[in-house]
Trainee: 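So that we are looking at the same thing, I have put the structure below in C-alpha cells.
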2 protein chains.
Amino acid sequence: MFEARLVQGNLLKKVVDAVKDLVTDANFDCSSSGFTLQAMDNSHVSLVSLSLRSDGFEHFRCDRNMSMGMSLGNLAKILKCAGNDDIVTMKAADDGDTVTFMFESPKEDRVSDFELKLMDIDSEHLGIPDTDYAATVTLPAAEYQRICRDLSSIGDTVVISATKDGVKFSSSGDVGTANITVRQNTTADKKEEQVSIDLKEPVALTFALRYLNSFAKATPLASHVSLSMARDLPVMVDYQISDMGHLRFYLAPKIEDEDGGDMEGQDEA
Amino acid sequence: MFEARLVQGNLLKKVVDAVKDLVTDANFDCSSSGFTLQAMDNSHVSLVSLSLRSDGFEHFRCDRNMSMGMSLGNLAKILKCAGNDDIVTMKAADDGDTVTFMFESPKEDRVSDFELKLMDIDSEHLGIPDTDYAATVTLPAAEYQRICRDLSSIGDTVVISATKDGVKFSSSGDVGTANITVRQNTTADKKEEQVSIDLKEPVALTFALRYLNSFAKATPLASHVSLSMARDLPVMVDYQISDMGHLRFYLAPKIEDEDGGDMEGQDEA
DNA sequence: TATACCACGC
DNA sequence: GCGTGGTATA
C-alpha cells in the first residue's frame with residue numbers, strides 16, 4: 001500500500017494549483033524514495049517535473065512502486081476543501097482504483113476524507129538529460145512573476161539575456177518595446193531580495209511568455225526561482241520546495257535567429 | 001402608523017442580503033410584538049422565516065397590524081446606501097403605499113431618507129408546526145458555510161448524519177466522494193469554536209446543497225448556526241439574531257431511501 | 001475552462 | 001489600502 005502524511009498540507013494544494021492549468025491529467029509515481037510527477041503539458045510544448053522526497057513527509061510508506069493517474073482538476077477541487085493548516089494524508093491500496101485524501105484540522109476537531117477515482121493515463125516517461133547550463137540566474141520568485149506578467153502586455157515572447165552583470169528581459173510588440181534588467185546583488189539587502197547569476201558564458205534565448213506565465217503559478221511554493229539556460233536547449237525553470245524537492249518546468253527556446261550570440265537584433269523581431 | 005428605530009442598522013442590511021437571492025418580493029408583517037417575514041422561496045421549495053421582536057428596537061410603534069410588500073432587490077439597494085454604523089428608522093403611514101427608511105450617521109452629521117414603493121403581494125401564510133426534532137446540532141456559522149461550499153464542488157446533495165459524537169456531512173459526485181466529520185466539543189476552546197449536539201435519536205437526511213448554500217448567506221448574522229432535524233421532516237436552519245429574534249430556513253429532505261434509519265448505504269447513492 | 005469583477009479579511 | 005478568494009460571465 002501507499003500512505004504519506006504531510007503536515008504542511010497546503011504545499012500539495014499549491015503544487016496542484018501550479019500544474020493544473022498546464023496538465024489536465026497526470027500520473028503521480030510513488031516509490032520508496034518519494035512522490036514524483038512528470039508530464040508534457042496539454043499542447044506538448046513544455047514539460048513539468050515534480051519531485052517530493054519521502055523524507056519530507058512526516059510519514060511515508062510505499063510498499064510497491066505505483067503510478068496513480070489523476071485528473072488534476074478534480075484533485076484541485078478536493079484539495080481546495082482542506083483547511084489551510086490541515087494535515088493531509090494520502091492513502092492508496094496496491095490494487096485499488098482510488099486514492100483517499102484525509103484532512104485533519106490542527107485541533108483534531110474536524111476530519112474529512114475524500115476519495116478520488118484513479119485513471120489510466122499513458123505515461124510517456126521522457127528522460128531529462130543532465131545538462132551543462134551556460135547560465136543560471138536566481139531571483140525572487142514574485143519579482144520574476146511580475147516581470148513575466150508585465151511583459152505579457154507588451155509582447156508574446158521574451159528574450160532572456162544573461163550576462164555577468166545581470167539578466168535582461170526584453171519584449172516587443174504593437175505597443176512598443178520593453179527591457180527589464182535585474183542586476184546581480186548577492187551582497188547585502190535581505191535574503192529575500194537576492195539575485196545571483198552563475199555564468200559560464202553569456203546566453204540569450206527567446207521564449208513564449210504564455211508558458212512562462214503558466215510556470216509562474218508555482219510562485220507561492222518558493223521564495224526564489226532559478227532559470228538555467230544553454231544555447232538552443234530548453235530553459236529549466238526551477239522552484240525549490242524547501243526540505244522536500246522541487247517543481248521544475250522545461251521549455252524549448254524559439255529559434256528565430258541562427259546567431260544566438262548577439263540578441264540585440266531580436267528586439268525588432 | 002408604523003415606526004421602528006434600529007440602532008444597529010446594518011443588521012437589517014445583512015438580513016435582506018441573506019434573503020434576497022431566495023425571495024424576490026415579500027411581505028413584511030408588523031404588529032405590536034414585532035416585525036416578521038415569512039415566505040416560500042421563488043421556486044417554492046424552501047421557506048424563510050424572519051422574526052425581529054419589538055423589544056430589540058430602540059423604539060417601536062405599530063398602531064395597527066400591517067403587511068408591507070416590498071421588492072427585496074430594491075430594498076437591498078436602498079439599505080446599501082446606509083453607512084455601516086448608521087441608525088435606521090422605518091416609517092409607514094397606515095394608509096400609505098410607501099415605506100420610508102431614514103439613515104442617521106452616528107455623529108448626527110448626516111441624515112438620509114429613502115422612500116420605497118410598497119407592492120401588493122399574495123401572502124400565503126404557511127404555519128410552521130412546532131416540531132419535536134430528533135437532533136439539533138449547533139456549530140460555528142462560518143465553519144458550516146465552508147463545509148456546504150466545499151461539498152458543492154463534489155456533489156449536488158449532502159447527507160447530514162447526526163450521532164451523539166458528531167455530525168457528518170457526506171457528498172458524492174463525478175469527482176469522487178467526501179465525508180466531513182465535526183466532533184462535538186462543548187468543552188474548553190473558545191466559545192466561537194463550540195460544537196454541540198442535542199440528540200434524541202440519530203438521524204440522517206439528504207438535502208440539496210444549492211439551498212443550504214443560499215441559506216448560508218445569513219452567516220454574517222450570527223456566530224453559530226443550528227440544524228434541527230427529524231426523519232422525513234424539513235430541516236430547520238436557524239441563525240439567532242442576538243437580543244432580537246432569528247432568521248430561519250426550512251428545507252424538505254430528499255427522499256431517496258425509504259429506510260431513513262441506517263444511512264450508511266446512501267454513501268453509494 | 002479561463003478571465004474579469006466584486007467582496008471580505010488582514 | 002492591499003491582497004486573496006469567490007462568483008459570475010464569456
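Order of the sequence lines fixes the chain letters, A, B, ..., with proteins taken first and strands second; residue numbering starts at 1 for each chain.
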Trainee: What is the distance, to the nearest angstrom, from the NZ atom on B:Lys77 to the P atom on C:dC6?
Mentor: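 Whole-Å distance recorded here is 15 Å.
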Trainee: Inspect the surroundings of CG in B:Asp156 and state if more than 12 heavy atoms from other residues, nucleotides or ligands are less than 6.0 Å away.
Mentor: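 Counting neighbours around CG of B:Asp156, 12 or fewer heavy atoms of other residues, nucleotides or ligands fall under 6.0 Å, so no.
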Trainee: In whole Å, what is the span from the NZ atom of B:Lys13 to the P atom of C:dC8?
Mentor: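 These atoms are roughly 9 Å apart.
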Trainee: So B:Asp17 and B:Val15, do their side chains get closer than 4.5 Å, heavy atoms only?
Mentor: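 B:Val15 does not reach B:Asp17 side chain to side chain.
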Trainee: With B:Phe249, which of B:Tyr211, B:Phe207, B:Phe215 fulfils ring pair (Phe, Tyr, Trp, His ring centres under 6.0 Å)?
Mentor: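 Running ring pair (Phe, Tyr, Trp, His ring centres under 6.0 Å) over B:Tyr211, B:Phe207, B:Phe215 with B:Phe249 returns exactly one hit, B:Phe215.
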Trainee: Without decimals, in angstroms, what is the distance between A:Asp17 CG and C:dA2 C1'?
Mentor: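 One finds 14 Å between C1' of C:dA2 and CG of A:Asp17, rounded.
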Trainee: Rounding to a whole Å, what distance do you find between A:Asn84:CG and D:dG3:C1'?
Mentor: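 That distance rounds to 14 Å.
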Trainee: What is the distance from CD of B:Gln145 to P of D:dG5, rounded to the nearest Å?
Mentor: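 Checked: the CD to P distance equals 16 Å.
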Trainee: Thinking salt bridges, do B:Arg110 and B:Asp86 make one under a 4.0 Å N-O criterion?
Mentor: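 Judged by the 4.0 Å cut-off on N to carboxylate O distance, B:Arg110 and B:Asp86 do form a salt bridge.
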Trainee: Quick one: B:Arg146 CZ to D:dG5 P, roughly how many Å, whole number?
Mentor: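 Going from CZ in B:Arg146 over to P in D:dG5 covers 11 Å.
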Trainee: Distance check needed: C:dA7 C1' versus B:Lys20 NZ, whole Å only.
Mentor: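 My rounded result for the distance is 11 Å.
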Trainee: For B:Arg149 and C:dA7, give me the distance from atom CZ to atom C1', rounded to whole Å.
Mentor: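 It is 12 Å, rounded to the nearest whole Å.
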